[in-house]
> 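Once you've had a glance at the structure underneath, I'll fire off some questions.
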Amino acid sequence: MNELFSSKNEKSSGECSPLADRMRPRTLEDIIGQDHIVGHGRLLRRAIQADRLSSIILYGPPGTGKTSLAAVIANTTRAAFEKLNAVLSGVKDIREVIDRADDRFRLYGKRTILFVDEVHRWNKAQQDALLPWVENGTLILVGATTENPFFEVNRALVSRSRIFQLKPMGENELLETAKRTLLDKERAYGNWDVQFEEGALEHLVEIAGGDARSLLNAMELAIETSSWNLPGQKEADGWPPPPGAQIRISMKAAEESIQRRALLYDRDGDYHFDTISAFIKSVRGSDPDAALYWLAKMVRAGEDPKFIFRRMIILASEDVGLADPLALSVVISCAQAFERIGFPEGNFPLAHACLYLATTPKSNTTMSYFDALKEVEREDAEVPNHLRDGSRDAQSFGHGEGYVYPHAYRDHWAAQQYLPGSLRGRTFYIPSSIGYEGKIREDVLQKRELQAAIVLGSQADSDNDILSWSAAAKGRESWFKRLESGRSKLLLNDRNIIFSSASPARQNRILVPLANDGLLLWESLRKCPEGLTAALVSAQSAKDALLQYASILDDLEKPQIAVTEEVLPEPSFCEEWFSCSQFDHILIRAVRLSFEPDFLCRRARPLLSKNGNLILLCSPPKLGQRVSRILARECAQNELALKLEQAEDAFFNDSSSSGLFDEDDLSSAFIKNGFIPGIQIIEQKEERLITERDLASWFNAGKSRWGSFMAKHLEKKDFAAIEDILRSRIQKGPVNWLWKSICFKAVISE
């Protein structure tokens with residue numbers, strides 16, 4: 001029943017309909033604001049345009065356009081459209097809608113979209129009545145609510161829907177709404193010359209507080225109750241005036257047409273939870289000013305101090321933890337003091353606890369308990385024999401045999417395995433470097449490393465063996481396993497650095513070039529579920545592999561992947577493949593860049609939206625490990641290392657060689673092309689196993705640029721000696737490989 005929101009219905013209601021109803025958007029292009037969910041390239045916009053809408057719940061304050069968005073869906077979809085108001089309808093009405101939808105689906109294969117306004121007003125039975133039909137696809141639910149759906153809507157219904165939060169409109173968006181209203185001749189006041197006294201319209205916008213309906217209602221009242229006149233005639237009253245009449249709205253009329261809405265503190269509703277959330281997040285974020293403000297707001301509104309103290313006690317363990325072990329004692333003492341003295345003096349211990357928590361170091365490592373709990377639920381492992389109680393069964397079963405008593409050692413610690421055999425090497429607790437925890441971090445990690453060495457030992461199948469660790473005793477296969485584990489940590493660290501620098505929002509559009517490995521792709525999908533994740537891969541096989549990995553996702557949730565040999569294509573290519581030619585973030589991870597900085601920034605600029613940024617994490621050869629340093633540090637060949645160092649300096653500073661840029665070259669290129677650059681230098685290190693294949697590649701003067709240069713600038717005997725020394729060194733295991741990476745952030749300058 002698409003006519004529920006049709007223009008025909010609007011015309012039939014004529015001037016009897018309120019202005020806010022007459023001015024509802026008819027198409028996606030008519031919508032003002034809410035770009036974060038219906039802007040070009042956004043998930044919801046794509047779903048509406050493709051008529052592939054699944055069940056959704058629109059959540060936001062009054063006047064943000066929830067019903068208007070439903071009207072746009074009604075005018076766009078080819079499905080049947082039904083509307084119910086949860087305040088006025090009951091189970092009988094729901095059954096009638098379901099029967100009609102079921103008939104359409106069975107007889108004609110036609111879907112039905114059901115719009116339910118104020119869906120939170122339905123009781124559990126009414127909401128449950130929809131569940132089977134939403135589940136089997138007979139009905140597609142579009143719910144609208146001003147209350148938090150995660151608390152006020154049936155959990156089962158929420159789990160079957162995607163939540164979209166609409167935000168209050170900004171002043172510019174409200175002004176645009178007002179201007180459209182004044183120019184619209186069909187539905188509003190375009191047939192008259194409406195003029196607002198200076199500041200009058202701005203007053204209506206300010207007091208409307210992001211509520212478009214409130215603004216339009218105020219404009220309607222102010223305009224239609226003001227006097228009017230035709231040129232050369234006296235002022236007259238009455239509505240409507242003749243076409244071309246002049247209507248002037250004074251500041252007084254504007255002030256009388258709108259009233260400021262009171263903000264209420266509902267101790268059982270969203271405001272209560274939002275305010276305590278703001279308080280906790282301010283304390284967690286170490287902002288004492290904001291923490292005091294939200295605390296004062298809660299106390300002034302009559303919040304129960306016991307509730308506030310309860311949350312602070314939880315925070316003292318959850319968010320402060322071992323960074324300051326005294327925090328828990330301080331807060332509990334303040335809570336006990338409050339119980340003794342009450343208000344008004346009780347404000348002092350409240351503020352005392354708040355300020356202490358806000359200014360003390362933070363660590364959330366107590367959350368590691370839940371990782372251990374998951375492991376217990378997954379597998380109930382037996383206690384290792386050497387940790388069992390030897391006072392009862394030592395003689396019969398050998399319980400406790402092999403246990404090493406820590407106090408018998410100088411540092412009151414001995415390396416032995418305490419986890420069950422099936423969990424060897426499993427890590428739950430990662431100490432932070434903050435406060436008291438920072439003081440114990442190094443000791444904890446050192447002990448863990450030695451225990452991990454036991455797990456990797458050649459006799460790791462024994463629960464009670466105490467082994468000394470020796471790199472020489474390890475087989476090369478074991479080295480490869482260890483190094484592969486280290487490489488995974490480096491990849492995760494790179495990913496975290498990139499996303500920390502980008503700070504994407506849920507609705508952002510992200511372009512990921514060089515996405516063959518998927519490292520940034522899946523994290524982009526998690527970070528921006530309501531936006532767009534577009535990937536560029538170099539081969540169809542890479543695309544097929546990524547899509548296979550994404551097969552568990554719904555079609556609208558999957559990444560959009562295009563095959564191209566270009567690192568950054570033209571905007572027209574992106575428009576063709578992704579229906580979007582501009583992105584909020586371009587994220588690139590490239591260990592080695594095969595293109596020049598100037599090419600990168602020229603290609604990136606037209607692909608970035610206003611205030612968009614490019615994040616590039618790379619390891620320029622100039623900042624990489626030098627073979628001369630390996631000779632000096634790993635092989636104690638200082639004289640030979642000095643000769644090689646001079647030759648390598650000449651190689652990496654050779655301006656005629658392409659691809660040998662550094663951070664200064666990147667900055668210069670991007671500044672020249674209208675970007676504001678930012679650089680973070682990351683010190684990188686790992687244990688790297690150099691192979692015979694590496695040596696053959698490096699020292700091949702015919703295939704390696706480095707090898708060709710060194711062969712020309714070093715004496716032949718020195719060049720050969722360097723290769724022999726490295727070959728001897730790699731037989732002893734990995735070398736410490738040190739290099740620097742650049743995290744480069746470029747923002748389009750205004």
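Everything numeric in this text was worked out from a predicted model, so none of it was measured.
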> To check you understand the geometry: which heavy-atom pair defines the closest contact between Ser581 and Pro571, and what is its length?
CB-O, 3.7 Å

> Any chance you could measure Ile140, atom CD1, to Leu53, atom CG, to the nearest 0.5 Å?
6.0 Å

> Check side chain to side chain donor-acceptor pair (under 3.5 Å) between Asn229 and all other residues, then give those that pass, not counting sequence neighbours.
none

> Side chains of Thr27 and Asn75: does their closest heavy-atom pair fall under 4.5 Å?
no

> What are the two closest heavy atoms between Gly41 and Cys580, and how far apart are they?
CA-CB, 4.4 Å

> For a quick test of reading the model, state the closest non-hydrogen atom pair linking Ala254 to Ile249 and the distance between them.
N-CG2, 4.4 Å

> Can you list every pair that meets salt bridge (charged side-chain N to carboxylate O under 4.0 Å, His left out) and has a residue in residues 51-66, with sequence neighbours left out?
Asp51-Arg78, Asp51-Arg111, Arg52-Asp555

> Has Asp21 got a side-chain atom pairing as donor or acceptor with Pro18's backbone, closer than 3.5 angstrom?
no

> Run the ring-ring contact (aromatic ring centres under 6.0 Å, His included) test against Phe670 and tell me which residues pass, sequence neighbours left out.
Phe675, Phe744

> If only atom types and distance count, is the side chain of Ser609 paired as donor or acceptor with the main-chain N or O of Phe583 below 3.5 Å?
yes

> Nearest 0.5 Å please: distance from the CG atom of Leu141 over to the CG atom of Leu139.
8.0 Å

> Which is it for Leu84 and Trp122 under the side-chain contact (heavy atoms from CB on, under 4.5 Å) test, yes or no, and what are the steps along the way?
CA-CA 11 Å; Leu84 291 176; Trp122 270 348; 4.0 Å; yes

> With sequence neighbours excluded, what pairs up with Phe573 under the side-chain contact (heavy atoms from CB on, under 4.5 Å) test?
Leu536, Ala562, Thr564, Pro569, Trp577

> The criterion is salt bridge (charged side-chain N to carboxylate O under 4.0 Å, His left out); which residues satisfy it with Arg526, sequence neighbours excluded?
Glu523

> Given 3.5 Å as the limit, does a donor-acceptor pair link the side chain of Arg509 with the main chain of His40, or not?
yes

> In plain terms, say whether Lys83 and Glu118 are close enough for a salt bridge, that is, a side-chain N and a carboxylate O under 4.0 Å apart.
no

> Hey, mind stepping through Leu182 and Ile223 against side-chain contact (heavy atoms from CB on, under 4.5 Å) and telling me if it holds?
CA-CA 10 Å; Leu182 296 177; Ile223 293 172; 4.0 Å; yes

> Do Ile308 and Met298 have side-chain heavy atoms sitting under 4.5 Å apart?
yes

> With side chains defined as the heavy atoms from C-beta onward, is the minimum distance between Asn154 and Leu130 less than 4.5 Å?
no

> Only counting residues at least two apart or in another chain, list the ones meeting ring-ring contact (aromatic ring centres under 6.0 Å, His included) with Phe196.
none

> Under the rule for side-chain contact (heavy atoms from CB on, under 4.5 Å), what residues qualify as partners of Glu570, not counting sequence neighbours?
Ser572, Arg603

> Using modelled atom types only, decide if a donor and an acceptor are shared between the side chain of Thr76 and the backbone of Ile73 within a distance under 3.5 Å.
no

> Closest heavy-atom contact between Arg22 and Ser17?
NH1-O, 2.6 Å

> Just to verify, what does Phe343 make a ring-ring contact (aromatic ring centres under 6.0 Å, His included) with, not counting sequence neighbours?
Phe338

> Taking side chain to side chain donor-acceptor pair (under 3.5 Å) as the test, write out the residues that go with Ser579, two or more places apart.
none

> Can you confirm whether Glu220 sits close enough to Leu216 that some side-chain heavy atom of one is under 4.5 Å from a side-chain heavy atom of the other?
no

> Please check this pair: side chain of Asn613 against backbone of His585, looking for a donor-acceptor N/O pair closer than 3.5 Å.
no

> Tell me, do Phe150 and Ile163 make a side-chain contact under 4.5 Å, heavy atoms counted?
yes

> Please list, chain by chain and in numerical order, all residues satisfying salt bridge (charged side-chain N to carboxylate O under 4.0 Å, His left out) with Asp102, sequence neighbours excluded.
Arg106

> Quick check: do Phe105 and Thr112 have side-chain heavy atoms less than 4.5 Å from each other?
no

> Report the C-alpha separation of Arg180 and Asp184 in whole Å, then their side-chain angles, then the decisive distance to 0.1 Å, and conclude whether the salt bridge (Lys or Arg N to Asp or Glu O under 4.0 Å) test is met.
CA-CA 6 Å; Arg180 287 192 187 182; Asp184 193 309; over 6 Å; no

> Enter the distance from His36:NE2 to Asp584:CG here, rounded to the nearest 0.5 Å.
13.0 Å

> When rounded to the nearest 0.5 angstrom, what distance separates OG1 in Thr533 from NZ in Lys558?
14.5 Å

> Before you tell me yes or no, could you show the steps for Glu224 and Tyr189 under side chain to side chain donor-acceptor pair (under 3.5 Å), namely the whole-Å CA-CA distance, both residues' side-chain angles and the distance that decides it to 0.1 Å?
CA-CA 10 Å; Glu224 298 188 11; Tyr189 305 114; 2.9 Å; yes

> Kindly say whether Phe307 contributes a backbone atom to a donor-acceptor pair with the side chain of Arg311 at under 3.5 angstrom?
no

> Can you see which heavy atom on Ser226 is nearest to which on Ala222, and at what distance?
OG-O, 2.5 Å

> Would you give the length of the straight line joining atom CZ of Phe164 to atom CG of Leu43, rounded to the nearest 0.5 angstrom?
4.5 Å

> Take Met312 and Val283 through the side-chain contact (heavy atoms from CB on, under 4.5 Å) test and state the conclusion after the steps.
CA-CA 9 Å; Met312 285 196 287; Val283 175; 6.0 Å; no

> Is it true that Asp287 and Lys281 have a side-chain N and a carboxylate O under 4.0 angstrom from each other?
no

> Of the non-hydrogen atoms in Ala178 and Leu201, which two are nearest, and what is the gap between them?
CB-CD1, 3.9 Å

> Does Gln126 use its side chain to pair, donor to acceptor, with the backbone of Asn123 at less than 3.5 Å?
yes

> Answer whether the closest heavy-atom distance between the side chains of Leu568 and Leu511 falls below 4.5 Å.
yes

> Is any side-chain N of the basic residue among Glu82 and Arg104 closer than 4.0 Å to the acidic one's carboxylate O?
yes

> Using 0.5 Å steps for rounding, measure from the OG atom of Ser282 to the OH atom of Tyr293.
10.5 Å

> Of all residues at least two apart in sequence or in a different chain, which pass the side chain to side chain donor-acceptor pair (under 3.5 Å) check with Glu530?
Arg506

> Hey, are the side chains of Val72 and Asp30 touching, using non-hydrogen atoms and a 4.5 Å cut-off?
no

> Scan for salt bridge (charged side-chain N to carboxylate O under 4.0 Å, His left out) pairs involving residues 572-582, sequence neighbours excluded, and state none if there are none.
none

> Could you check Arg42 against Ile37 for side-chain contact (heavy atoms from CB on, under 4.5 Å), going step by step and ending with a plain yes or no?
CA-CA 6 Å; Arg42 311 294 189 195; Ile37 60 172; 5.7 Å; no

> More than 12 heavy atoms of other residues, nucleotides or ligands under 6.0 Å from NZ of Lys745: yes or no?
yes

